Amino acid sequence: MNLDLFDTLEPSDNRQQQLAQDAFVLRGFAIPYVPELLPALAAIQQAAPFRHLVTPGGLRMSVALTNCGRLGWTSDRHGYRYTATDPDSGRPWPAMPAVFLRLAQAAAAQAGFDAFMPDACLVNRYEPGTKLSLHQDKDEQDYNAPIVSVSLGIPALFQFGGHARSDKTERVPLFHGDVVVWGGVDRLRYHGVLPLKEGQHPLLGRQRINFTFRKAG
DNA sequence: AAGTACCA
DNA sequence: TACT
């Protein structure tokens, strides 16, 4: 018997879970959108393929990413920033599909953030073994808008920490269709994703796809 | 430093 | 904690 946290957890019937004052997990919230999300994702990655970026420290990120929307998050040796064009192609990032915007706005409203107007959607692709170290989202122009994070595919353990990197983190399992929304007093909390466990998802195979919606500009 | 190595 |  070798039961870890995942083995003991199922996609929850609790539709909404409060993580902190202004942070919520909306269980299965994205499920009704999935039939439209996946074809839209296929078009995005055709126009702007997933790629591995390098951090300002010069190290390769294990997670592969692309973007849609007016602005896209990128990183290189010189730092993190949002750009209007894909550095790999020189073309604008693919437009944000209407279904992406609808989902992001509905999730934000459900968590109490009205009139969310994201102009950036970072698309992260996790394969088993990949991770995203604890970090803050602080490359955006204003911190009033929340962050909306959509999970698809195989499950992950999300870490939600405090305002200092060394603060204790809460581990939250995220399953296909779950949406996490944080803003307000929790907007700058550290967060990350632990190394992905092996898995297979009926629609997405051996990967987890995450959409992170932000107001960057 | 959105990353890793190393230590206690 | 240190650090390219």
Side-chain angles (χ1 to χ4, degrees), chain A residues 19-20 22-23 25 41 44-45 48-88 93-94 96 100 104 118-174 178-183 186-197 207-217:
Chain A
L19 267 183
D22 294 323
V25 182
L41 170 63
I44 290 164
Q45 63 182 295
F50 284 107
R51 79 291 306 265
H52 291 274
L53 299 185
V54 166
T55 65
L59 299 166
R60 174 186 183 273
M61 294 176 67
S62 64
V63 169
L65 68 80
T66 184
N67 289 279
C68 68
R70 188 174 67 81
L71 295 170
W73 185 88
T74 58
S75 172
D76 61 25
R77 259 147 260 245
H78 308 295
Y80 308 135
R81 63 190 172 283
Y82 284 93
T83 62
T85 56
D86 179 346
D88 279 10
W93 294 107
M96 193 181 301
F100 278 42
D119 53 16
C121 176
L122 170 60
V123 183
N124 279 141
R125 184 189 66 198
Y126 297 76
E127 289 175 341
T130 69
K131 65 186 171 66
L132 196 57
S133 317
L134 218 51
H135 67 279
Q136 293 173 298
D137 291 9
K138 55 179 186 185
D139 304 315
E140 298 73 31
Q141 290 287 141
D142 88 86
Y143 298 147
N144 294 323
I147 306 291
V148 173
S149 171
V150 176
S151 295
L152 298 174
I154 64 181
L157 267 184
F158 181 64
Q159 297 178 292
F160 195 67
H163 287 89
R165 204 174 205 253
S166 55
D167 287 347
K168 185 169 72 73
T169 63
E170 181 170 354
R171 291 173 171 202
V172 183
L174 295 179
D178 292 347
V179 180
V180 185
V181 181
W182 67 99
D186 298 313
R187 171 62 178 74
L188 289 172
R189 297 214 8 197
Y190 276 87
H191 56 281
V193 176
L194 291 172
L196 233 71
K197 183 183 160 153
Q207 63 179 343
R208 169 175 185 261
I209 298 290
N210 176 263
F211 302 140
T212 307
F213 294 93
R214 306 184 177 103
K215 177 170 169 44

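Just so we're on the same page: letters track the sequence lines, and every chain starts at 1. Computed over heavy atoms, backbone and side chain alike; hydrogens, waters and symmetry mates excluded. In this text the structure is predicted, and so the values were computed from the model without any measurement.
- Atom pair A:Tyr80:OH and C:dT4:P shows a separation of 16 Å (rounding to whole Å applied).
- Rounded to whole Å, atom C1' of B:dG3 lies 9 Å from atom CE of A:Met61.
- Rounding to whole angstrom units, NE2 of residue A:His135 and P of B:dA1 are separated by 12 Å.
- In this structure, A:Leu132 places its CG atom 14 Å from C1' of B:dT4, rounding to the nearest Å.
- In this entry the distance linking NE2 of A:His78 with C1' of B:dA1 reads 16 Å, nearest Å.
- Rounded to an integer number of Å, the gap from CZ of A:Arg165 to P of B:dG3 is 8 Å.
- Between A:Arg77 and A:Val54 there is a side-chain heavy-atom pair separated by less than 4.5 Å.
- Among A:Asp137, A:Asp139, A:Asp119, the one residue that satisfies the side-chain hydrogen bond (donor to acceptor under 3.5 Å, both in side chains) test with A:Arg214 is A:Asp137.
- The gap from the P atom of B:dG3 to that of B:dA8 amounts to 26 Å, rounded to the nearest Å.
- Residue-level contact check: A:Thr55 touches the backbone only, with heavy atoms under 4.0 Å from sugar-phosphate atoms and none from bases.
- Backbone-only contact: A:Lys131 has heavy atoms under 4.0 Å from sugar-phosphate atoms and none from a base.
- The residue A:Leu53 sits apart from the nucleic acid: no heavy atom pair falls under 4.0 Å.
- Inspection of the A:Glu140 and A:Tyr82 side chains reveals an N or O donor paired with an N or O acceptor under 3.5 Å.
- Rounded to whole angstrom, the span from the CG atom of A:Leu194 across to the C1' atom of B:dT4 amounts to 16 Å.
- Contact check for A:Leu122 versus A:Asn124: side-chain heavy atoms found under the 4.5 Å cut-off.
- In this structure, C:dT4 makes no Watson-Crick or G-U wobble pair, since no nucleotide meets both defining distances under 3.5 angstrom.
- Between A:Arg60 atom CZ and C:dT4 atom P there is a gap of 23 Å when expressed in whole angstrom units.
- When heavy atoms are screened at a 4.0 angstrom cut-off, A:Arg214 is found touching base atoms of the nucleic acid.
- Defined by atom type and a distance below 3.5 Å, a donor-acceptor pair is present between the side-chain atoms of A:Asn210 and A:Thr212.
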